[in-house]
Amino acid sequence: MNIEVISGAVTDIVCDAIIIGLFEGEQPSGTTRVIDKALQQHVSEIIRDMPGCGKYGETTIIHTFGAIGAKRIILLGLGKESEISVDKVRALMAVAMRAARKINSQTVATAIHNESDKLEANLTAQAVIEGTIMGSYQFTYYKTSKKDNPGIEKVIIIENDTANMDVIKSKVHEGKIIAESVNLARDLVNHPAQYMTPTKMASHAMQIAEEYGFELTILEKEDMQQKGMGALLAVAQGSIEPPKLIVLKYEGNPDSQETIALVGKAITFDSGGISIKPSQKMDEMKGDMAGGAAVLGAMMALGQLRPKVNIIAVVPCAENMPSGSAFRPGDILTSLSGKTIEVLSTDAEGRLILADAVTYAKQLNATKIVDLATLTGACVIGLGTIYSGVLTNNQEWCQTVIDAGQIIGEKMWELPNDTEYLEQIKSSIADLKNTGGRYAGTITAGLFIGEFAAKTPWVHIDIAGTSDAEKDKGYNLKGGTGVGVRTLVQLMKMLEKS
Ligand code: BES
Ligand code: MN
Ligand code: ZN
């Protein structure tokens, strides 16, 4: 998708469709008013006839018959002005772009980022592009008959504040980079497990490393054996797919001692192993690598934005399968940290691979850790699909992560981390056991990983409920959402400034 920022009269812009906004219960203002005038108050008349067209997410197509440069207008309901937010603009743009695609528009213009004083124009311009690119996402890899509709080829952002032009242009550029990285993460999630094996994850990481000049290390099974990654190896041992541990390094600030580890769970398929899952919805477990996908997506963006921070991405990849060689309930594993783990369920595998990944990140001198994982069904029950669950051992670091998400519209809710919960994961025969029972399942799973982070500031984000969408909604389409990419990118930008 080609994106242009230009200045000029909105009525003169030649395009297939121009998106203009309307707040619920309000008269046309800004761009909408200028266009209303050019159309001899026809827009006002339509609003009078159909008062619902200002409702949040409503789209109304108006043909202009040559009255202005745009062939059609997409009147976009913005909802109540008092409730507008940057993230709502992101979602609204996605809806509008899908409406534009439906009517075969190839060139689409908009000035929505200047629609309200309540919205900061620069951040909103970025959100407009993010919403556009994320909302136009389609996963057609396995479709044999691609549609004739070529999709939107060009988006024009109209900006008449010439003094602010350069800033808007750079925000638009940033938005494009971030949204395309989100879409990469979605692709990785949407591919079936038969394609997206640990080996394929590693080859995608290799492509990213080559393109953006990251130092790449892939630990093979033999390397893991030699280092003693007993937890990661146990999870992988039932599958014919060999495990991989991906490490990408980016040094953006050589003068700093700080290195941030981004750790992502990548179980390319989670059958549950010997503690096998029920067959219903088991297909969704192809998405159990969404944490790893988010980390790779974030690295793709960071490779282009190049913030002044030091980052290591650590993505443990394995397939969790039942077989004659699979690990079993009752097995006792020795993790890389030396801590021993009693396996009570082979389906609580995410925390096992993350235990070794977090330990390895510390061995690589990480000073702060964030991990993302589709870790627990309990998180989906507790928080649904709106909030990701968060656990931490460091309140300040946690708040920074949650703030980053808040700014870009990924919601996170911190759960309690009282040491009393650790009782549930103490084993009578080993140091830890890998499940703490049904009560507080998200908390005990998170705190299990925390035992390996130990004193290093660490935040865990459980994205089990947020990484996959059941249906199209706003800028998310059915399937992988790419959640976490934008939070991680924003977080790195914030660390650069602090
Ligand atoms: N990958 C699952 C968690 C999951 C469930 C993600 C639903 C997305 C949607 C994880 O490995 C798992 O199986 N967790 C178990 C833990 C239990 C055995 C302690 C769970 O949540 O049931
Ligand atoms: Mn599992
Ligand atoms: Zn899993």
Name the orientation class of the two ring planes belonging to Y142 and F139 (parallel below 30°, tilted from 30 to 60°, perpendicular beyond 60°). tilted

Would you sort out whether M299 and I311 count as a side-chain contact (heavy atoms from CB on, under 4.5 Å), showing the intermediate values? CA-CA 9 Å; M299 292 308 284; I311 307 170; 3.9 Å; yes

Let me see the working for V128 and V155 under side-chain contact (heavy atoms from CB on, under 4.5 Å), right down to the final yes or no. CA-CA 10 Å; V128 161; V155 174; 5.8 Å; no

Sub-4.5 Å side-chain heavy-atom contact between I402 and V459: no

Yes or no on side chain to side chain donor-acceptor pair (under 3.5 Å) for N104 and D16, after CA distance, side-chain angles and deciding distance? CA-CA 8 Å; N104 292 317; D16 296 313; over 6 Å; no

Measure from the side-chain N and O atoms of Q106 to the backbone N and O of E153, and report whether any donor-acceptor pair falls under 3.5 Å. no

Considering all heavy atoms of both residues, which atom of G482 and which atom of A185 are nearest to each other, and what is their separation? CA-CB, 4.1 Å

Do any N or O atoms from the side chain of R33 and from the backbone of G30 form a donor-acceptor pair under 3.5 angstrom? no

Quick check: do I47 and P28 have side-chain heavy atoms less than 4.5 Å from each other? yes

Is it the case that the side chain of D462 and the backbone of L375 share a donor-acceptor pair, with hydrogens and angles ignored and the cut-off at 3.5 Å? yes

Flag the pair D36 / Q41 as yes when at least one side-chain heavy-atom distance between them is below 4.5 Å, and no otherwise. yes

Locate the shortest heavy-atom distance separating A121 from I168; write the atom from each residue and the value. O-CD1, 4.1 Å

Residue pair Q304 / M300, side-chain heavy-atom distance below 4.5 Å: yes

What closest approach, in Å, do I158 and A109 show between heavy atoms, and which atom pair accounts for it? CD1-CB, 4.2 Å

Could you state the interatomic distance from CG (L123) to NE2 (H113), rounded to the nearest 0.5 Å? 12.0 Å

Parallel, tilted or perpendicular: rings of Y195 and Y141 (30°, 60°): tilted

Quick check against the 3.5 Å criterion: does W397 have a side-chain atom that pairs as donor or acceptor with the backbone of I369? yes

For the student: nearest non-hydrogen atoms of A404 and Q490, plus distance: O-CG, 3.5 Å

Looking only at the side chains, is there a donor atom on one of T268 and E319 sitting less than 3.5 Å from an acceptor on the other? no

Counting N and O atoms only, with roles assigned by atom type, does the side chain of N310 sit under 3.5 Å from a partner on the main chain of E251, one being a donor and the other an acceptor? no

With no hydrogens and no angle check, is any side-chain donor or acceptor of T481 less than 3.5 Å from a backbone partner on T466? yes

Before you tell me yes or no, could you show the steps for D403 and Q399 under side chain to side chain donor-acceptor pair (under 3.5 Å), namely the whole-Å CA-CA distance, both residues' side-chain angles and the distance that decides it to 0.1 Å? CA-CA 6 Å; D403 288 348; Q399 199 53 53; 3.0 Å; yes

Check: Q138 and R101 side chains under 4.5 Å, non-hydrogen atoms: yes

Y212 vs F214 aromatic rings, parallel, tilted or perpendicular, using cut-offs 30° and 60°? tilted

Run the salt-bridge test on K265 and E349 with the 4.0 Å N-O cut-off and return the result as yes or no. yes

Give a yes or no on this: more than 12 heavy atoms of other residues, nucleotides or ligands lie within 6.0 Å of atom CG of D117. no

Do any N or O atoms from the side chain of S136 and from the backbone of I133 form a donor-acceptor pair under 3.5 angstrom? no

Can you name the closest pair of heavy atoms from L372 and G484 and give their distance? CD2-CA, 3.7 Å

Find out whether E24 and E58 are in side-chain contact, i.e. whether some heavy atom of one side chain is under 4.5 Å from a heavy atom of the other. no

With no hydrogens and no angle check, is any side-chain donor or acceptor of K286 less than 3.5 Å from a backbone partner on N190? yes

With no hydrogens and no angle check, is any side-chain donor or acceptor of D270 less than 3.5 Å from a backbone partner on M285? no

About how many Å separate OG of S467 and CD1 of I461, when rounded to the nearest 0.5 Å? 12.5 Å

Please determine whether side-chain contact (heavy atoms from CB on, under 4.5 Å) holds for the pair I157 and I129, giving the CA-CA distance in whole Å, both sets of side-chain angles, and the decisive distance to 0.1 Å. CA-CA 9 Å; I157 307 280; I129 292 306; 3.7 Å; yes

Could you check whether any side-chain heavy atom of T487 comes within less than 4.5 Å of a side-chain heavy atom of V370, counting everything from C-beta outward? no

For the side chain of K277 and the backbone of D347, is there at least one donor-acceptor N/O pair under 3.5 Å apart? no

Shortest non-hydrogen separation from W458 to T392 and the atoms involved: O-OG1, 2.7 Å

Could you check if a side-chain atom of S29 sits within less than 4.5 angstrom of a side-chain atom of E115, using non-hydrogen atoms only? yes

Please round to the nearest 0.5 Å and tell me the distance separating atom CD of E284 and atom CE of M282. 12.0 Å

State the CD1-CD1 distance between I62 and I20, to the nearest 0.5 angstrom. 6.0 Å

